[in-house]
Amino acid sequence: KTQILTLLKNQIQKVNINSDSSSSSSQLDNSNCKINSIVFYHVRKTGGSTLRAILLSAALNHHLYSIFTDSEMIVQEPLKISTNLLLNLKYDIIMGHFSFNRNIHDKLTKNKPFLFTFLRDPVERIISDYFYYGFNGTIRQWAQMHSRPGINLITRWLTDYVDDNNIRAEDLLELAKMRLIQEFDFFGITERFDESLLMLSKLLCWKEEDIEYITYKVIVDKPIISIEDRAFILSLNMVDNELYQWAKKVFAFRLNQFIENHLLTRIEINNFTQLMRDKNDCLNSKQKSGGPGLSEHCLHFDSRRAHRQIKN
């Protein structure tokens, strides 16, 4: 806990808070925490598609023009990476499905990159992956596949032991914890998505408008997974679950520190959550009706956004 607090204080010190007592929430001085490059480790089915859309949308506003994605890495790896290193090409943003390798990412980015990722309940992540890909088999068969969705995938990706089982579970877990604390600048929790986004925006010195989002790849009306099948999935991913339970506690502690240091308020969190709910409900109503979106949700969203612009 002490180590986490020290690292968090170092992050908070990078953010200059204007002492405006008349403001309901703290304002950030962007000049003191400019981020020159970002690396987003996208763990499958953790809300990453939505996050990538946010990054792409906000990139131009923050002069982040060159972007390297995993689609390039999949098609041309390792040739693409080797060529870029030889040519000394630098990117503003790197994002995608890849395991931890700070040495390569440091060489491919400008200055020291800001590293972040998101974690999700491993059972829910695997269930979501199963329905998304439409696997022609049982969910137990899917859960046992090593490559996809991957047993203890999050922990193995974070430690770069993707295809190596010759390491004790205890050592794997401790290495993943250490990496999240010492190597990553931030990690969010999918189940606390809006709070995670707001914390991330403060560390990046981005405005709330930069992190507005549309939910992507959400599967509705999923069949119910039995308690027995859930227990089976959990039994295969105990290391990921331990990491996730630990990460939730760390996240809650960090969030409290943000609030205590006046970087965030509960009102700000609630307002943003409601704004995003109205925005996505509005878009859904437009798609269903094929009309201009004059539903109650759209009116609520327009009203909230107008109120925020007036307030700012």
Side-chain angles (χ1 to χ4, degrees), residues 38 40-61 67 69-71 93 95-97 116-135 148-149 153-154 186-204 206-225 244 247-248 251 255 264 268-306 308:
I38 298 171
F40 169 44
Y41 286 86
H42 178 184
V43 180
R44 292 193 293 261
K45 308 311 296 179
T46 58
S49 295
T50 301
L51 284 161
R52 288 165 79 155
I54 290 171
L55 286 174
L56 288 172
S57 176
L60 294 180
N61 293 336
I67 300 172
T69 68
D70 60 347
S71 59
I93 298 178
M95 56 183 177
H97 302 294
F116 80 96
T117 190
F118 269 59
L119 307 181
R120 183 180 182 182
D121 180 295
V123 175
E124 296 300 328
R125 189 192 69 77
I126 289 174
I127 291 173
S128 179
D129 211 21
Y130 171 72
F131 285 116
Y132 176 72
Y133 280 90
F135 178 66
R148 160 152 235 128
L153 176 73
I154 295 178
F186 176 76
F187 65 82
I189 301 293
T190 303
E191 287 79 2
R192 304 186 71 169
F193 196 71
D194 291 340
E195 294 161 304
S196 299
L197 277 182
L198 286 168
M199 292 168 67
L200 178 62
S201 71
K202 301 299 183 183
L203 293 174
L204 293 174
W206 287 6
K207 297 179 180 179
E208 191 175 296
E209 290 89 338
D210 292 322
I211 58 169
E212 284 189 10
Y213 63 88
I214 302 170
T215 52
Y216 285 87
K217 299 183 180 180
V218 177
I219 302 172
V220 296
D221 301 325
K222 290 186 292 187
I224 297 175
I225 302 299
Y244 174 71
K248 284 198 302 182
F251 179 86
L255 176 59
L264 265 178
E268 188 177 359
I269 294 170
N270 294 336
N271 287 344
F272 180 72
T273 297
Q274 188 59 56
L275 182 71
M276 291 302 95
R277 185 177 296 128
D278 287 337
K279 178 176 183 175
N280 283 277
D281 287 343
C282 170
L283 292 172
N284 290 334
S285 69
K286 287 182 180 180
Q287 291 175 352
K288 290 179 181 178
S289 66
L294 298 177
S295 70
E296 182 180 357
H297 298 299
C298 296
L299 295 175
H300 284 169
F301 172 65
D302 292 338
S303 175
R304 288 178 183 276
R305 173 176 267 180
R308 183 180 64 186

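As the structure is a computational prediction, the values presented were derived from the model and not from experiment.
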- Are any non-hydrogen side-chain atoms of F251 and L119 less than 4.5 angstrom apart? no

- Task: Indicate yes or no for a side-chain donor-acceptor contact from N271 to the backbone of E268 under 3.5 Å, with no hydrogens or angles considered.
- Result: no

- Rounded distance (nearest 0.5 Å) linking atom CG of L275 with atom CG of N280: 9.5 Å

- Start with the C-alpha distance between R192 and L255, add both sets of side-chain angles, then the distance that settles side-chain contact (heavy atoms from CB on, under 4.5 Å), and finish with yes or no. CA-CA 11 Å; R192 304 186 71 169; L255 176 59; 3.4 Å; yes

- Any chance you could measure M95, atom CE, to I38, atom CD1, to the nearest 0.5 Å? 9.5 Å

- Message: Nearest 0.5 Å, please: how far is CD1 in I93 from OG1 in T69?
- Response: 11.0 Å

- Message: If you compare all heavy atoms of P223 against all heavy atoms of F131, which two are closest, and at what distance to 0.1 Å?
- Response: CD-CE2, 3.3 Å

- Task: Please test D210 against L204 for side-chain contact (heavy atoms from CB on, under 4.5 Å), starting from the C-alpha separation and ending with a verdict.
- Result: CA-CA 10 Å; D210 292 322; L204 293 174; over 6 Å; no

- Approximate separation, where rounding is to 0.5 Å, of L197 CG and K202 NZ: 12.0 Å

- Query: Under 4.5 Å between any side-chain heavy atoms of T215 and Y213, yes or no?
  - Reply: yes

- Working for side-chain hydrogen bond (donor to acceptor under 3.5 Å, both in side chains), residues Y244 and E124: CA-CA 12 Å; Y244 174 71; E124 296 300 328; over 6 Å; no

- Step-by-step side-chain hydrogen bond (donor to acceptor under 3.5 Å, both in side chains) determination, N270 to Q274: CA-CA 6 Å; N270 294 336; Q274 188 59 56; over 6 Å; no

- Query: Do you know the tightest heavy-atom contact between R52 and H42?
  - Reply: NH1-ND1, 3.0 Å

- Message: Looking at every non-hydrogen atom in both residues, tell me the closest pair between R120 and E191 and how far apart they are.
- Response: CG-OE2, 3.3 Å

- Query: Rounded to the nearest 0.5 Å, how far does CD1 of I54 lie from CD1 of I214?
  - Reply: 10.0 Å

- Message: Could you measure the distance from the CG atom of L153 to the CD1 atom of I126? Nearest 0.5 Å is fine.
- Response: 8.0 Å

- Message: Evaluate V43 against R125 for side-chain contact (heavy atoms from CB on, under 4.5 Å), listing each step before the verdict.
- Response: CA-CA 9 Å; V43 180; R125 189 192 69 77; 4.1 Å; yes

- Those residues that, when tested against F118, pass side-chain contact (heavy atoms from CB on, under 4.5 Å) (two or more places apart): T46, L51, F116, F186, T190, F193, S196

- Item | Which atom of I67 lies closest to which atom of A59, heavy atoms considered | CD1-CB, 4.2 Å

- Does V123 reach the side chain of I225, with side-chain heavy atoms less than 4.5 Å apart? no

- Item | Partners passing side-chain contact (heavy atoms from CB on, under 4.5 Å) against T273 (at least two apart in sequence or in another chain) | D194, I269, R277

